[in-house]
Structure formats: C-alpha cells, structure tokens
Amino acid sequence: MAWSTRFLVAVAFLAAGVVFAPDFFGSTADSPAIAVSLAKLAHLLCFATSFGASLWVTFIGGIIMFKVLPRHHFGNLQSKMFPVFFTLISVCAMSSVAAFAYLHPWKSASSLERYQLGFLLSSLSFSLSNLLVFTPMTVEMMKKRHKVERELGIGEEVGWSKNMEVVKANPKLASMKNKFRMIHSLSSLANVLSFGSLAMHSWYLAGKIQL
C-alpha cells in the first residue's frame with residue numbers, strides 16, 4: 001500500500017470518528033464544542049505520536065539497527081532518520097503545547113495544569129536542541145570520522161568497534177572519537193529528557209481517563 005493510500009485511509013477513519021463523536025457539534029457561548037474537541041484531538045494525537053515514536057526509536061528500533069547493521073551503514077541511516085525524527089517530535093510538541101495552552105489558559109489554570117504545560121515545553125525544548133544543535137553537529141563529526149576510518153580500512157564491523165588499537169594509534173581519529181562521543185552523549189541525554197517529560201505528562205493524561 002502506497003504512503004498516500006495509507007494516509008487517506010487514516011484520514012477517512014479519523015473523519016468518521018469525528019462525525020460520530022457524541023456532542024461534537026454542540027456548543028455554548030462559554031465553550032465552543034468544536035474548537036475544544038479539535039484542540040483535545042490535536043493534543044492527544046500529537047502526544048501519542050511523539051511518545052510512541054520516541055519510545056520506538058530510543059529503546060527499540062535504534063538498538064536493533066545498531067546490533068545488526070555495519071557501523072558505517074548504521075551511522076548513515078541515523079544521519080538521514082534523526083533529522084526527520086526530531087522534526088516530527090518538535091512539530092508534535094509544538095502542537096501539543098498550543099492545544100494544551102488553549103484548553104488551559106495560564107491565568108485560570110491550576111498549578112497541576114501549569115506543571116503539565118511545563119513538561120510539554122520541556123519536551124519541545126529538548127527536541128529543538130537536538131534538531132537544531134546536536135544532530136547537525138553529530139552528523140558532521142560522524143562524516144569526518146567515517147572518512148578517516150575508510151582510509152584506514154575500518155568501520156564495517158557490526159556493533160561496537162573492534163578496532164580500538166587502530167584508533168589509539170591514530171591521534172586524529174582518537175580526537176574525533178572523543179568529540180563525537182561527547183556530542184552524541186549530549187544528544188542522547190536531550191532525547192531521554194524529552195521522552196521523560198512526555199512520560200510525566202502521560203501519567204497526568206492517564207488520571208483523566210475514565211475506563
């Protein structure tokens with residue numbers, strides 16, 4: 001099934017759900033139901049998308065790819081995937097922040113709701129830092145490191161590098177490795193903190209659901 005077909009099918013199901021949603025078209029002077037319902041829907045879908053994508057990429061998909069792909073292939077794949085991933089997370093976070101702020105204006109929001117908006121803003125900040133700062137730096141350093149490694153005939157191993165002696169014997173490569181590790185560690189930390197902020201908000205949403 002083509003991507004466009006999948007997208008149209010998903011939109012069709014969403015439209016059907018909206019049409020048959022109870023009280024969707026009812027409204028009052030104080031609370032326009034359509035705007036409120038759309039804000040809730042946007043917040044829920046964007047939060048679920050960012051939470052699910054973060055969970056998969058951080059704890060499942062990335063680990064599997066690292067264990068089965070040659071290291072250079074894995075790095076090249078990550079360099080293409082991460083900008084898209086962090087763009088998706090950032091856009092979803094922006095939408096969640098906007099929707100939640102609309103549903104809970106700051107002046108009338110409770111302290112708990114203000115904390116939740118803080119968690120969403122925190123997730124957005126960490127995602128943007130990865131998208132705009134850490135990921136470009138990581139990709140640039142990775143490309144330089146790969147070029148040197150190819151000249152030395154290494155980098156095609158799967159998993160952790162088994163050429164530590166070659167790295168230690170080459171000061172330039174050793175310096176690149178240390179810089180890459182530092183930047184990648186900051187990127188990973190920002191990603192985990194972003195996911196942690198979303199996890200904190202998931203606890204709040206769970207308390208609002210009536211099953």
Side-chain angles (χ1 to χ4, degrees), residues 7 10 14 38-69 71 74-106 109-143 145 159-160 177-209:
F7 178 77
L14 178 61
L38 288 176
K40 290 180 178 180
L41 179 64
H43 177 63
L44 182 60
L45 290 180
C46 289
F47 168 79
T49 299
S50 55
F51 185 86
S54 297
L55 177 66
W56 175 261
V57 171
T58 305
F59 300 104
I60 303 174
I63 295 175
I64 293 175
M65 287 186 289
F66 178 76
K67 289 184 176 181
V68 301
L69 292 177
R71 188 160 54 80
F74 170 74
N76 291 331
L77 176 60
Q78 295 287 70
S79 70
K80 301 298 182 181
M81 186 176 70
F82 271 16
V84 177
F85 167 64
F86 288 123
T87 298
L88 173 66
I89 300 301
S90 298
V91 170
C92 286
M94 288 180 190
S95 301
S96 290
V97 167
F100 195 84
Y102 172 78
L103 294 168
H104 306 284
W106 185 261
S110 65
S111 58
L112 177 60
E113 291 164 348
R114 292 181 179 182
Y115 278 125
Q116 296 307 313
L117 183 59
F119 286 131
L120 294 173
L121 286 170
S122 175
S123 177
L124 173 59
S125 299
F126 288 125
S127 297
L128 286 176
S129 68
N130 252 324
L131 176 64
L132 302 176
V133 180
F134 296 131
T135 295
M137 293 174 63
T138 301
V139 172
E140 181 182 3
M141 183 57 63
M142 181 205 70
K143 290 181 178 179
R145 179 183 174 184
W160 297 106
K177 179 184 176 182
N178 292 333
K179 290 181 181 179
F180 176 83
R181 178 180 295 178
M182 180 186 66
I183 298 171
H184 187 265
S185 296
L186 292 173
S187 176
S188 297
L189 177 61
N191 186 41
V192 171
L193 290 175
S194 174
F195 178 79
S197 299
L198 293 175
M200 293 295 292
H201 188 60
S202 70
W203 184 261
Y204 166 82
L205 291 180
K208 296 293 182 180
I209 298 175

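Sequence positions, counted from 1, serve as the residue numbers for this chain. Computed from a predicted model, the values in this text were never measured in an experiment.
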For this session: Could you go through the side chain to side chain contact (heavy atoms under 4.5 Å, CB included) check for Ile60 and Ile64 one step at a time?
Result: CA-CA 6 Å; Ile60 303 174; Ile64 293 175; 4.0 Å; yes
For this session: Verify side chain to side chain contact (heavy atoms under 4.5 Å, CB included) between Glu113 and Leu103, making sure each step is shown before the conclusion.
Result: CA-CA 10 Å; Glu113 291 164 348; Leu103 294 168; over 6 Å; no
Supply the atom-to-atom distance [X] [atom1] to [Y] [atom2], rounded to the nearest 0.5 angstrom.
{"X": "Ser187", "Y": "Ile183", "atom1": "OG", "atom2": "CD1", "result": "9.5 Å"}
{"X": "Phe86", "Y": "Met81", "atom1": "CZ", "atom2": "CE", "result": "9.0 Å"}
{"X": "Met142", "Y": "Arg71", "atom1": "CE", "atom2": "CZ", "result": "10.5 Å"}

Exercise. For Phe82 and Asn130, what are the C-alpha separation, side-chain angles and deciding distance, and is it a side chain to side chain contact (heavy atoms under 4.5 Å, CB included)?
Worked result: CA-CA 9 Å; Phe82 271 16; Asn130 252 324; over 6 Å; no
Using a 4.5 Å cut-off on heavy atoms from C-beta on, say whether the side chain of [Y] contacts that of [X].
{"X": "Phe119", "Y": "Ser123", "answer": "no"}
{"X": "Phe85", "Y": "Ser54", "answer": "yes"}
{"X": "Thr138", "Y": "Gln78", "answer": "no"}
{"X": "Leu77", "Y": "Met65", "answer": "yes"}

Taking all atoms of both residues into account, what is the closest heavy-atom pair of [X] and [Y], and its distance?
{"X": "Ile89", "Y": "Ser127", "answer": "CG2-OG, 3.1 Å"}
{"X": "Pro136", "Y": "Leu132", "answer": "CG-O, 3.8 Å"}
{"X": "Ser202", "Y": "Phe47", "answer": "CB-CZ, 3.5 Å"}
{"X": "Ala190", "Y": "Phe126", "answer": "O-CB, 3.4 Å"}

For this session: Kindly indicate, with the supporting measurements, whether the criterion side chain to side chain contact (heavy atoms under 4.5 Å, CB included) is fulfilled by Leu128 and Met94.
Result: CA-CA 10 Å; Leu128 286 176; Met94 288 180 190; 4.0 Å; yes
Exercise. Sub-3.5 Å donor-acceptor pair from the side chain of Ser79 to the main-chain atoms of Asn76, do we have one?
Worked result: yes
For this session: Go through the structure and list residues passing ring-ring contact (aromatic ring centres under 6.0 Å, His included) with Tyr115, not counting sequence neighbours.
Result: none
For this session: With His201 as reference, evaluate Phe100, Phe195, Phe51 under the ring-ring contact (aromatic ring centres under 6.0 Å, His included) test and give the passing residue.
Result: Phe100
